[in-house]
Each structure stands twice: as C-alpha cells, then as structure tokens.
Amino acid sequence: MSQPSNGGEPPGDLTAAEVWVWQAFRNGSSLDLRSGEPELDDPDGEHEWGPERTVRARVLARLLLDDEATSLPGRVASLHLTGAYVTGSLTLSGGEIDKFMELRHCRFEEEVRLTEAHLRTARLLGCRIPRLEAARVKVEGDLHLARCVIPDGIRLTDANIGTDLLLNEARVGSGNRTRAIAADGLSVSQEVQASLLTVDGELGLRGATIGGSLFMYGSVLRNTQGRYALHAPQLTVEQSAHFADPKRENARLIQGSTPPAGTYGPFGAAGARPPRSQHFECTGGVKLDDSRFGGSLVLDNARFALERDQEISLRRLSTPELCFTSPAPERGLIVLSGATVENLVDKVSSWPRDERLWMAGFTYQRLIHRGHFSLQQRLDWLAAATPEYSPGPYEQLAAVYRAGGEDADARAVLLEKQRRRRETLPVAGKLWGLIQDWTVAYGYRPGQAALWMVLLWLAGFGVFSRHEPPPLKLDESPQWNAALYTLDLLLPVISFGQDQAWAPEGGYQWLAAVMILLGWILATTVAAGATRLLRRQ
C-alpha cells in the first residue's frame, strides 16, 4: 500500500466531484450526488450524467486499497456514495479491503472486478453494473446486490460470504453467455435472499452451500437458450428453500420496498417495462439432483414452463419435507427417482396425469394433502408414474397408509399392484390372476372368499337336498346329510365322512367334481393371501 504523503488531503488531479468523494470518505459520511429528478437519477436510464456526478473508478480503488485518504480524527474512513456515474472498470481483484463500502443508485460504465478480493462488507444497492466478476471473493460480512441491474451477469464461483447474500429485486442478464449467475461452489454462512429476482439466463448453484435458508419469493428465472433455468445439483441448504409467492409475512425477506406489481423485465426491451405477476416463475428446466435441504423444500404455487425435453429433476434429493403444491407443467417431466423425504405435501393438480412423472425409488413416510386427494386419485398418481409396471411405488404407498392406520387403503393399493402385475404375465398367468381376483381379490379381501364359499354351499345344498346320490356300500353308509356332503366337497382338508360314502351319477357326478375343484381354488388363493398377510405383519 502507498503511504500518505499529504496528510490525507486529496491529490491535485481530482475533479470537484472526486474531491467531494475523497473528503466524505475521510469523514466516513454519506455523499449524495443525485439531482432530485427521478428520470435523471435512474441508474438504468439513458441520459447524460454530467461531470458534477462523474467519478473515475480508479479514484474509488485508491480510496479502498491505499492509505492515502486517512480518516479524520475521531472518524472511521468508509465509502458511502449515492447517485454517481463511475467511469472505467472498478478493479479490486486480489485486494485486501478493510473499509466499509456502500454504493447506492450508481451507474458503472464498465464491469466491477472483485475476483479473489478480501472484503469486510460490500453493499451495491440499486446500481447498474454491466457485469460483476467476483469469483473466489471472500466477504466477511454481507454482500448486498439488491435492486441492482446487471445485464451481463454475475460470477460468484467459489465465493465465500460470511453472513448474508442479498439479491432481492435485482435484474440479471447473461449477455452473450449461457449463464446469468454463475455461483458454483458458492458458500454463504447464513441466508440467501433472492426474492423478486429476475434472471434471464441460467442460474448456476452447483455444489453451493447455504448455512441458513434460500428465499426466492416471486422471482422469475428464464432461460430460453439452454436446458436449465436453475442448475443446482448437489446444493446444500441447512434450513429451508422457498420458491413461492411473496406474502405479507415474508416482507422482511424482500426488504420491505417492493413495488405493488413487482419488479420489471426482461432486458433489451425498449421503453417502459410492464409489471409482472407475483408468482415464482421458471421458464426452463430445474435440476436439484443430489441436493440436501435440512428443513424443507417448498415449491408452492410456482409456475413452471418446460419444453418436452426439459424436467424438474429432484433425483436423489433429501429433505425432511417436500412441499410440491404448484400447478403441474403442461410439458416436460417431473423426476423424483431416488429422492428421500419424510413428509410429502402435495395437491392432486400438482402432478401430471400422463407418463411425465418418474419416481422409481422415491421414498416418503407421510402424506399431507392440500385439498381433497382420494385413494383412487392416488392410484392414478401411481399409474402415471409407472407406465411400465414397477412394484416399488405401490409398496411404498401401501406402507405409508399402513403406518397411518389406514389398513383398508393399504390393501387396496396392494390389490391394484397385483392387477398391474397381471398385465405383464403370459395368458395362463393372466387367467390364473383373474380367477384369484374374482374369488378372493388376491387375498386382500378375505370376506369375498367367505361369500363365494357360502354361495357355493347354498347352491350345492339346494341341489343335493333334492337328489340324494346312491351309497357306495349299503350297509356302511352314514345317514344322508346334504349340508355336510356339500361342505365335504368344498373343503379339501376337513372331512365329515360324507363325500367318501356316496356315489353321485351322471350330471351330479360332474357337479361334485366342479365343486371340489372350486374348493381347491378358493383354498389355494386364501392360503396365498394369508401368507402375504403374515409376511407383511
């Protein structure tokens, strides 16, 4: 660092505006260069700023990096600048900056470079910055970019933020790049507040770590040139992530200064920009594969617009609660394969009704419905997720119902699983499956077997009570009993001594044979169902 040679007084090569900045820096006070006219003070407006509001970037760099501007006695030197036009590139890369820095409503002519810089706290609020290069930057406190316009994107790859990262109401474009915000490997110790953020291009958070929560209330992510609007595999959020509508109770997380109709977009539009809706909107795919959320992942009333080859991918995701209560996208896939959650909060309307839902290996412990979600609708949900038969999703749903004490619903799910399995069998297997279904519903409806037995017994009793067959041995035959004789025919193991004592003839012999066969079928299917029941218990 250079040593002060003039007692901290401003050098002679500074403009009048730069002298004001220099003196305000030494005094630790705020300097406001705005004109007072909203149109002329808009950092994103196309208008002349004038020399009285223009400050060279290298002057700011001298203040922040060097010790030329020593603080006045009893004051702390810091940069508080509002409404300035900063010419040139503000380059602080690799610098050690121990001064507080806050720039509000400033317009930067060229990009701001903070690559591998070490700062305490940096606040850029409501500014227009062509591009922010801040890879591997280390900020001990907050990094604020709220309400900034950054048309050529932000690079925060492997950046380390000591407390919070604020992007509320910012508008970020991608320029000629694929990514608008490149933040792979980002580490934030506390919260990321990105509500009412507008991003045109990909938002990349691959391998990022957030020590608190991620808030994206009412944000808009758009990527019409690439596959993903949000590319965040292996993201770790220690608490919760929210992609939902902004609400009154969330005002603290949106800095309390949001216009009633939200912020504006996209970039490149001439003239006034119309207000947008308040929903979280995502045009393009979402990838959260292998991500972990310590509290919950909330996708509530979010709007997703996908192409046919795009997806909301939550493969192998892990979270105590997944709230998926957004309208189902018209196109694209929802993939939950291998995900693990404790509570699944959902709506009927949140899931596609065709074959665009994949959830092989998806496990959950409890279902929490928003609105009515009937058993048949749950079965339709499983059918949409398994266009090719797979037993896992059915067994998972049945286990959840059984754990909740809904045994009848659990049996209905397992019965549907057997019916889906029957569709994959050869003709003989299908025929045997139909017999089991018609008779005892694969053992899941034992009362149905009892009903068949009673009907067959009544039919047999009615026939044989009017047509007593001749005895096999006249002297050894027991007294004729049509009711016991019919039971002997139907029950393959228990014997009352009647079926071996009488010899029906003609059509009655064939009737007896049919009843013996039906008795064996009923007994076999009941035994199979009982075996499954004992195995489950």
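Counting non-hydrogen atoms of neighbouring residues, nucleotides and ligands closer than 6.0 angstrom, the CG atom of D309 exceeds 12 such neighbours. Around atom CD of Q377, more than 12 heavy atoms belonging to other residues, nucleotides or ligands sit under 6.0 Å away. Within 6.0 Å of atom CZ in R303, more than 12 heavy atoms from other residues, nucleotides or ligands are found, so the atom counts as buried in its surroundings. Heavy-atom neighbours of R366 CZ from other residues, nucleotides or ligands within 6.0 Å: above the threshold of 12. Atom CZ of R206 has 12 or fewer heavy atoms from other residues, nucleotides or ligands within 6.0 Å. For W381, the CH2 atom is densely surrounded, since the number of other residues' heavy atoms within 6.0 Å is greater than 12.
In terms of heavy-atom proximity, P246 sits nearest to L196 at CG-CD2, 4.4 Å. When all heavy atoms of A302 and P327 are compared, the pair lying nearest together is O-CD, 3.3 Å. The two atoms that bring G294 and P320 nearest to each other are O-CG, 3.2 Å, heavy atoms only. Nearest heavy atom pair, residue A134 against residue L156, reads CB-CD2, 3.7 Å. Residues V286 and Y228 come closest through the heavy atom pair N-CD2, 3.9 Å. S213 approaches Q239 most closely through the heavy-atom pair OG-CB, 3.2 Å.
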- Could you go step by step and tell me if T325 and S350 meet the side-chain hydrogen bond (donor to acceptor under 3.5 Å, both in side chains) rule? CA-CA 6 Å; T325 52; S350 298; 5.7 Å; no
- Task: Using the side chain to side chain contact (heavy atoms under 4.5 Å, CB included) rule, take L333 and W358 through it: C-alpha gap first, then chi angles, then the decisive distance, then the call.
- Result: CA-CA 8 Å; L333 302 174; W358 296 359; 3.7 Å; yes
- Begin from the C-alpha positions of L114 and L132 and carry the test side chain to side chain contact (heavy atoms under 4.5 Å, CB included) through to its verdict. CA-CA 8 Å; L114 301 176; L132 176 62; 4.0 Å; yes
- Item | Verdict with reasoning, R113 to E111, per salt bridge (Lys or Arg N to Asp or Glu O under 4.0 Å) | CA-CA 6 Å; R113 298 173 182 171; E111 66 182 12; 2.6 Å; yes
- Task: Assess whether side chain to side chain contact (heavy atoms under 4.5 Å, CB included) is satisfied between M101 and T121, documenting all intermediate values.
- Result: CA-CA 7 Å; M101 179 175 68; T121 292; over 6 Å; no
- Item | S78 vs H80, side-chain hydrogen bond (donor to acceptor under 3.5 Å, both in side chains): CA-CA, chis, key distance, verdict | CA-CA 6 Å; S78 55; H80 300 267; 3.0 Å; yes
- Trace of the side chain to side chain contact (heavy atoms under 4.5 Å, CB included) decision for L79 with R123: CA-CA 10 Å; L79 181 61; R123 295 181 179 175; over 6 Å; no
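At distances below 3.5 Å, at least one donor-acceptor pair connects side-chain atoms of S195 with backbone N or O atoms of Y217. Put simply, the side chain of D164 gets close to the backbone of E191: a donor and an acceptor are under 3.5 Å apart. At distances below 3.5 Å, not a single donor-acceptor pair connects side-chain atoms of R315 with backbone N or O atoms of D289. Put simply, the side chain of Q310 gets close to the backbone of E307: a donor and an acceptor are under 3.5 Å apart. The closest donor-acceptor contact from the side chain of T283 to the backbone of R222 lies at 3.5 Å or more, if one exists at all. Judged purely by atom type and a 3.5 angstrom limit, S219 uses its side chain to pair as donor or acceptor with the backbone of A194. Within the 3.5 Å criterion, the main-chain N or O of L125 finds no donor-acceptor partner in the side chain of R147. Side-chain N or O atoms of R34 include none that pairs as donor or acceptor with a backbone N or O of D42 at under 3.5 Å.
How far CD of E406 is from OH of Y401: 6.5 Å, rounded to the nearest 0.5 Å. The NZ atom of K417 sits 15.0 Å away from the CZ atom of R411 when rounded to the nearest 0.5 Å. Residue S390 holds its OG atom at 13.0 Å from CZ of R421, rounded to the nearest 0.5 Å. From L166, atom CG reaches atom CG of L197 across 11.5 Å, with rounding to the nearest 0.5 Å. Atom OG1 of T236 is separated from atom CG of L214 by 12.0 Å, given to the nearest 0.5 angstrom. Taken to the nearest 0.5 Å, the CG atom of D245 stands 6.5 Å off from the CG atom of D300.
With no hydrogens or angles considered, no side-chain donor-acceptor pair links T91 and S93 at under 3.5 Å. For the residue pair S240 / S296, a side-chain donor-acceptor distance below 3.5 Å is found, with atom types taken as modelled.
Salt bridge status for E238 with R292: present, with a side-chain N to carboxylate O gap under 4.0 Å. Using a cut-off of 4.0 Å between Lys/Arg side-chain N and Asp/Glu carboxylate O, K138 and E140 are scored as not salt-bridged. Salt bridge present: E102 and R104 bring a charged side-chain N and a carboxylate O closer than 4.0 Å.
For the side-chain contact (heavy atoms from CB on, under 4.5 Å) criterion with S291, the lone passing option out of L235, L205, T319 is L235.
T115 has its side chain within reach of R136: a pair of non-hydrogen atoms, C-beta onward, lies under 4.5 Å apart. You'll find the side chain of R422 reaches within 4.5 Å of the side chain of L434, heavy atoms only. With contacts defined as side-chain heavy-atom distances shorter than 4.5 Å, the pair R402/L414 qualifies. In this structure, the side chains of F293 and L317 come closer than 4.5 Å at one or more pairs of heavy atoms. Side chains of F324 and L336 form no contact here, defined as non-hydrogen atoms less than 4.5 Å apart. Contact of the R128 side chain with the P151 side chain is registered, since non-hydrogen atoms from C-beta on lie closer than 4.5 Å. Using a 4.5 Å heavy-atom threshold, the side chains of L143 and V188 count as separate. L145 has its side chain within reach of I154: a pair of non-hydrogen atoms, C-beta onward, lies under 4.5 Å apart.
Relative ring orientation between Y364 and F362 is described as tilted, the plane-to-plane angle lying within the 30° to 60° band. In this pair, F243 and F280 present their aromatic rings perpendicular. The plane angle is above 60°, beyond the 30 to 60° band.
Scanning for side chain to side chain donor-acceptor pair (under 3.5 Å) contacts around D142 gives H144, T163, with sequence neighbours left out. Scanning for ring pair (Phe, Tyr, Trp, His ring centres under 6.0 Å) contacts around H118 gives an empty result, with sequence neighbours left out.
Applying the salt bridge (charged side-chain N to carboxylate O under 4.0 Å, His left out) rule to pairs touching residues 174-188 yields R179-D184, R179-E202, sequence neighbours excluded.
A cation-pi contact, defined as under 6.0 Å to the ring centre and within 45° of the axis, links R378 to F373.
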